[in-house]
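Below is one structure, written out as structure tokens; comments come after it.
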Amino acid sequence: MVIVKTMAKTTTLLIFGASGDLTSRLLLPALGQLLKRDPDRQVTLRGAGTDPWSARRWGDAVRASFASADAADMVDRLGETTYTQADITDVAELKKLLADIHGPLVMYFAVPPAVTMAACTALQDVPLPQDTVFALEKPFGGNEDSAKTLNATLRALVPENKIFRVDHFLGRPTLLNILGVRFANRLVEPIWSADHVQSVLVRYDESLALEGRARYYDKAGALVDMIQSHLLQVLAVLAMEEPVDLDEVDLRDAKSAALRATHIWEDNPVRASRRARYTAGTIDGRPLPSYVDEEGVDPSLDTETLAEIVCEVRTSRWTGVPFTLRSGKALGEKKAQIVVTLRPVRHIPEGLSGKPADGGVLRIGLSPDRIELELNVNGGDDPFALRREVLSTKLGSSTLLAYTEVLSQVLDGDVALSVRADAAEECWRIIEPVLDAWKRGDVPLEEYAAGSDGPAEWATSTV
Ligand code: BG6
């Protein structure tokens, strides 16, 4: 018998925005790691960007990024890689870029949403190679309407299962952790509803500040940068009904249904949201200027660096349970966690002292990944006095970068963990009342010192 070994097809990865920060900081290191993990994977790398980079400058950028992921030796696996200075919103330039590319092709849009939109419009007049996949960075559009327009434009180019709306939170082991914890435990699965859960908090406090990203961040702010995308995806996984299968249809149907049911608490964006901006301070001994004094920031935009909203998932499972989503920058400590607080039990025997405020707390750490169960226990010197104990363990963490997982799914054409068109639109629909209220000035822009936990009042009150 003759065994014919089929060679894996080489995929061309064409990155738009190749001279940008996202490419060098996240995409290229992920590509290096991926090539290292998968010895059979073959990728031809092409870059296109607005900067007039020479071949040498591009080569240096690729090498440095691969080295940052401990994959310097993978540069040779790429063979020849090219960089082209191009305006990707121009039909003629796009035609030139794609002229000698044969599928499979992944076009990765690491560019602002307006450029993605203009490029996708231009691509309607450009013949695409067979097996072309679109990978898009968030935010997908700038509001619900523009997200709908972008989705319609994309659908005219390729089918939905060839479109990756990348959300790297969905590439983290955390997401899979939530699935296992929720659905594989007798202790958790039956209590996952308003009957037992008092409140849910998804918190992503970062000690990182602007990090030179004013051009993007100053127009986005914490609400769009983190809550509209990542944290609503986490909410969807927490709140969804059990999917039959974790594939692209069932998982994404379940998430979308949860998002469709999600609304701002009491439909009152003024009471159910708050925002703040950091002033000068110190983080880990590093002095930090006020946000408004950071390079490239336009103070008149009133951009928030800390945002909090409260949502309700209006289903029979969740109605009445506040889901608080909060994220901010330049905070004293990184706190990335999901906190599920259980309702107090209905009755405690007379002889036990100390009435607990809740029936226990389940915490899932998003980074580092850990799980904690805070329980009411008694025993010790006063055997009938209740106190709290925490059972805590680290969860299996991946050695891969979240973007490596994302890129691997994109190159393999597995869209299960990418954001489907309707979900992207829903996430805008959910936050738009808050954006409008903030624009009208109905919610004050508070302040907190960099390195603090946020405005002092936030620690003791809820929205
Ligand atoms: C990005 C945001 O999508 O996620 C950043 O644009 C944020 O502002 C980052 O810092 C947080 O994710 P991670 O995985 O880098 O902690």
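Positions are given from 1, in the same order as the sequence printed here. We count ligands from 1, going down the list as the structure has it; atoms in each ligand are counted the same way. Predicted model only: the values in this text are computed from it and were never measured.
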Top protein contact for atom 16 (O) of ligand 1, by heavy-atom distance: Y204 OH, 2.5 Å
Nearest neighbour in protein (non-hydrogen) for atom 15 (O) of ligand 1: H168 NE2, 4.1 Å
For atom 10 (O) of ligand 1, closest protein heavy-atom neighbour: E206 OE2, 2.6 Å
Close-contact set for ligand 1 against K329 heavy atoms, below 4.0 Å: 5 (C), 7 (C), 8 (O), 10 (O)
Ring geometry between Y291 and Y217 (parallel below 30°, tilted from 30 to 60°, perpendicular above 60°): perpendicular
4.0 Å heavy-atom contact, F169 with ligand 1: yes
Ring pair (Phe, Tyr, Trp, His ring centres under 6.0 Å) partners of residues 435-463, not counting sequence neighbours, each pair once: none
Heavy-atom donor-acceptor pair, W318 side chain to A239 backbone, under 3.5 Å: yes
F164 ring center near F134 ring center (under 6.0 Å): no
Ligand 1 atoms in contact with M226 (distance to a heavy atom under 4.0 Å): 2 (C), 4 (O), 7 (C)
Nearest non-hydrogen protein atom, atom 6 (O) of ligand 1: D225 OD1, 2.6 Å
Within-cut-off N or O pair, Y216 and ligand 1, under 3.5 Å: no
Side chain to side chain, R388 and V361, heavy atoms closer than 4.5 Å: yes
Contact check, K138 vs ligand 1, heavy-atom distance below 4.0 Å: yes
H230 N/O to ligand 1 N/O under 3.5 Å: yes
Minimum side-chain heavy-atom gap R46-I101 below 4.5 Å: yes
R213 to Y216 six-membered ring, cation-pi geometry met (6.0 Å, 45°): no
